[in-house]
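Fair warning: this is a prediction, and the values are worked out from it, not measured in the lab. Order of the sequence lines fixes the chain letters, A, B, ..., with proteins taken first and strands second; residue numbering starts at 1 for each chain.
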Amino acid sequence: MASASPTISSDIDPLAACFARMRSRGGRALIPYLTAGYPEPDRTAGLLDVLAEAGADVIELGVPFSDPVADGPTIQRASQRAIERGVTLRWTLETLRSFHARCDVPVVLFSYLNPVIDYGVDRFIADAADAGAAGVLITDLPAGADRDLERRLQDAPFSFIRLAAPTTPPARLLEIAATAQGFLYYVGRMGVTGARQELRQETLAEVAALRASVAVPVAVGFGVSTPAQAAAVARVADGVIIGSALIDALDDGGNAGVDELMRDLRTAIDSV
Amino acid sequence: MTEDVTRFGNFGGRFVPETLMAALDELSEAVAAAGADPTFQAELDELLRDYVGRPTPLYRARRLGDAAGGVVVYLKREDLNHTGAHKINNTLGQILLARRMGKSRIIAETGAGQHGVATATACALFGLECVVYMGAEDVRRQALNVYRMQLLGAEVRTVESGTRTLKDATNEALRDWVATVADTHYIIGSVVGPAPYPRLVRDLQAVIGRETRDQILEREGRLPAAVIACVGGGSNAMGIFHAFVGEPDVDLIGVEAAGEGLEGGRHAASLTAGRPGVLHGALSYLLQDANGQVAAAHSVSAGLDYPGVGPEHAYLKDAGLAHYDTVSDAQALSAFRELARLEGIIPALESSHAVAYLLEHGRRWVNRGPVVICLSGRGDKDVAEVAERTSHQQGSFESA
């Protein structure tokens with residue numbers, strides 16, 4: 001273990017502070033996802049402000065990648081378009097830095113591994129922390145895939161967010177939860193990201209059981225689209241993550257469409 | 001420290017979404033259990049003998065050897081396997097594993113269509129549902145194999161995303177698997193992907209090298225001076241190399257596709273011109289842009305048209321245990337026709353890269369001993385594509 005690792009406590013960790021605040025008043029976190037640079041790079045700053053003003057507790061900012069195997073068509077398309085418009089990890093970090101300077105809503109960077117490796121892991125950790133990232137989530141770095149790399153991310157001055165899935169066996173789930181920082185991201189469906197008509201039925205019971213057995217807050221994403229689905233998830237989870245549905249709303253109604261869906265989600269979650 | 005069985009040196013690994021981790025563990029356990037069960041190998045051996053037609057011949061190609069400057073050349077005739085390529089060695093092994101795991105549905109990706117055909121064939125044989133993902137560009141240039149898969153009862157899903165080739169077909173197969181992992185086994189067609197696939201596919205293809213070793217010892221009383229194979233993902237190369245890795249007097253040469261030339265970026269030479277990165281679950285050499293986005297590959301051969309490469313090849317390259325070089329589209333097309341005229345064998349465009357390398361560099365082994373080329377597949381699937389290119393580029397083709 002690195003000896004001089006910065007400690008993360010709720011005093012300084014914005015994610016821990018956010019969820020502690022939520023739990024103390026019985027609230028639930030609304031966590032929107034946005035692909036950096038979609039639909040145009042010059043729209044991202046404004047969209048982040050819309051998300052914050054419409055009640056986001058945490059924002060996930062997606063780093064576009066050419067081969068997003070965990071994502072469905074909506075986020076694939078958004079990523080592809082952002083890449084075509086020149087969006088890079090470096091640009092995403094700069095966008096995060098300027099947002100962080102004007103708004104205190106915590107931001108989690110959501111990336112695939114290759115852009116991070118290419119950027120340089122140590123340089124990424126330093127620059128992401130410097131830009132004000134509250135957390136980092138790497139979709140294709142599951143627990144145990146690279147212990148050294150995982151340790152460096154865990155020792156970083158931001159939360160290293162872990163994913164758990166319906167297929168994760170119980171023993172592994174506890175192991176993941178034990179090292180989870182910030183919150184545990186529970187994959188709410190069998191499959192890739194994307195808006196869905198129906199919420200997967202087993203998810204609610206699984207999340208309720210998980211939340212009762214682990215200390216870290218649990219947020220649910222993948223396939224949560226509508227205010228009604230968000231409310232159902234909010235009954236059992238600490239946070240609700242909405243991605244593809246917001247991109248659909250952006251495509252259909254621009255910033256106003258995003259604002260409207262965010263406010264509906266906020267109302268639905270707060271009614272629980 | 002115990003060996004990390006997910007790695008080859010620092011390469012390989014398991015960089016996948018969490019949803020797939022349990023399935024990869026399940027597959028690893030099934031592989032271990034099958035390895036300890038003699039009935040598994042016996043069942044596979046019987047299929048390879050009676051259904052595939054193994055062992056495949058090691059054929060002394062005299063006229064080709066003369067054309068290459070007077071070198072002794074043998075062709076390992078994987079093109080004579082049932083379905084026309086080495087791919088069936090892997091799919092039959094994985095079908096037996098899928099049955100042991102109780103999976104009722106099979107998915108696969110395919111580039112040239114040879115792996116798709118081999119998967120559809122194995123599924124037909126065992127009555128399993130089969131879905132094959134294939135890039136739209138490959139559906140166009142390998143139309144014959146699309147029809148073969150459909151005849152065999154498989155559903156071919158055309159992939160329109162990204163580069164519309166093997167890379168994106170693999171993405172879609174992985175996305176399918178994330179959603180269906182409970183009842184579905186994913187038969188990856190090369191020595192790529194997350195662990196345990198690179199080792200599993202290598203071990204199923206290693207029959208090529210085992211036979212070659214026995215055959216060359218019987219014929220020549222010695223090991224070959226060189227073994228040459230084309231490398232896209234690298235399964236036929238790993239299959240024939242494995243029996244010779246670490247032999248000091250055997251040159252192992254993997255031939256990548258230089259496409260239209262390394263300079264212009266229109267190629268598929270991951271090991272020669274890429275740098276380490278993560279794609280499809282493994283750390284290996286990868287074609288990528290300055291920002292870590294995967295770059296589009298190009299090759300006249302759909303089976304080599306892939307920006308990544310198996311992680312064991314990355315390890316062999318860095319360890320100096322194998323050597324990797326490139327051959328252009330034009331050289332491969334020329335070798336395609338050359339082998340047809342010299343030996344009466346029409347090779348796959350993939351395998352034509354290995355033949356082209358021999359024609360270019362064969363003199364190096366004159367008087368040094370026999371050279372073995374892995375003729376990984378037959379070229380029937382490529383005839384229409386080559387005919388079309390020939391009529392478009394008559395002059396350059398004739399002069400090549």
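For a residue to count as touching a neighbouring chain, one of its non-hydrogen atoms must lie under 4.5 Å from one of that chain's; by this rule A:I138 does not touch chain B. Residue A:Y119: no heavy atom, backbone or side chain, is found under 4.5 Å from chain B. Heavy-atom distances place both the backbone and the side chain of A:D146 under 4.5 Å from chain B. Of the atoms belonging to A:P169, it is side-chain heavy atoms, and not backbone ones, that fall under 4.5 Å from chain B. If you measure heavy-atom distances from A:P68 to chain B, the contacts under 4.5 Å come from both the backbone and the side chain. With a 4.5 angstrom heavy-atom cutoff, B:T19 touches chain A via backbone and side-chain atoms both. Both the backbone and the side chain of A:D140 come within contact range of chain B, with heavy atoms under 4.5 Å apart. Contacts of B:D168 with chain A are made by side-chain atoms alone, with heavy-atom separations under 4.5 Å and no backbone atom involved. Only the side chain of A:I117 comes within contact range of chain B, with heavy atoms under 4.5 Å apart. For chain B, the nearby parts of A:V69 are the backbone and the side chain; heavy atoms of each come within less than 4.5 Å. Interface remark: B:A173 contributes no atoms to any contact with chain A (heavy atom separation under 4.5 Å).
Using the six-membered ring where Trp is involved, B:Y197 and B:W177 have ring planes that are perpendicular, over 60° apart on the 30 and 60° scheme.
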Please assess A:R77 against A:Y38 for the test side chain to side chain donor-acceptor pair (under 3.5 Å), listing each intermediate value before the final yes or no. CA-CA 9 Å; A:R77 188 172 44 77; A:Y38 181 80; 3.2 Å; yes
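Residues B:S28 and B:R14 meet the side-chain proximity criterion, which asks for heavy atoms closer than 4.5 Å. Contact of the B:I187 side chain with the B:N90 side chain is registered, since non-hydrogen atoms from C-beta on lie closer than 4.5 Å.
Of the charged side-chain nitrogens involved, none lies within less than 4.0 Å of a carboxylate oxygen, so that A:R172 and A:E175 do not count as a salt-bridged pair. Taking the charged nitrogens against the carboxylate oxygens, A:R90 and A:E94 have no contact shorter than 4.0 Å, which rules out a salt bridge.
No side-chain donor-acceptor contact under 3.5 Å links B:Q94 and B:Y186. Checked by atom type, the side-chain pair B:E350/B:S301 shows a donor-acceptor distance below 3.5 Å.
The distance between the ring centers of B:F8 and B:Y315 does not fall below 6.0 angstrom.
Taking chain A as the reference chain and counting heavy-atom pairs below 4.5 Å, the highest number among B:G281, B:A182, B:A179 is found for B:A179. Top candidate by heavy-atom pairs under 4.5 Å with chain B, chosen from A:L113, A:D67, A:V192, is A:D67. For the set A:S66, A:P115, A:A143, A:A70, the entry with the most heavy-atom pairs within less than 4.5 Å of chain B is A:S66. Contact count against chain A (heavy-atom pairs under 4.5 Å) is highest for B:N171 among B:L20, B:L286, B:L174, B:N171.
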Would you list the atom pairs, donor with acceptor, under 3.5 Å between side chains in residues 304-311 of chain B and any protein atom, with sequence neighbours excluded?
unit_1 : atom_1 : unit_2 : atom_2 : d
B:D305 : OD1    : B:H298 : N      : 3.4
B:D305 : OD2    : B:R141 : NH2    : 2.6
B:Y306 : OH     : B:H280 : ND1    : 2.8

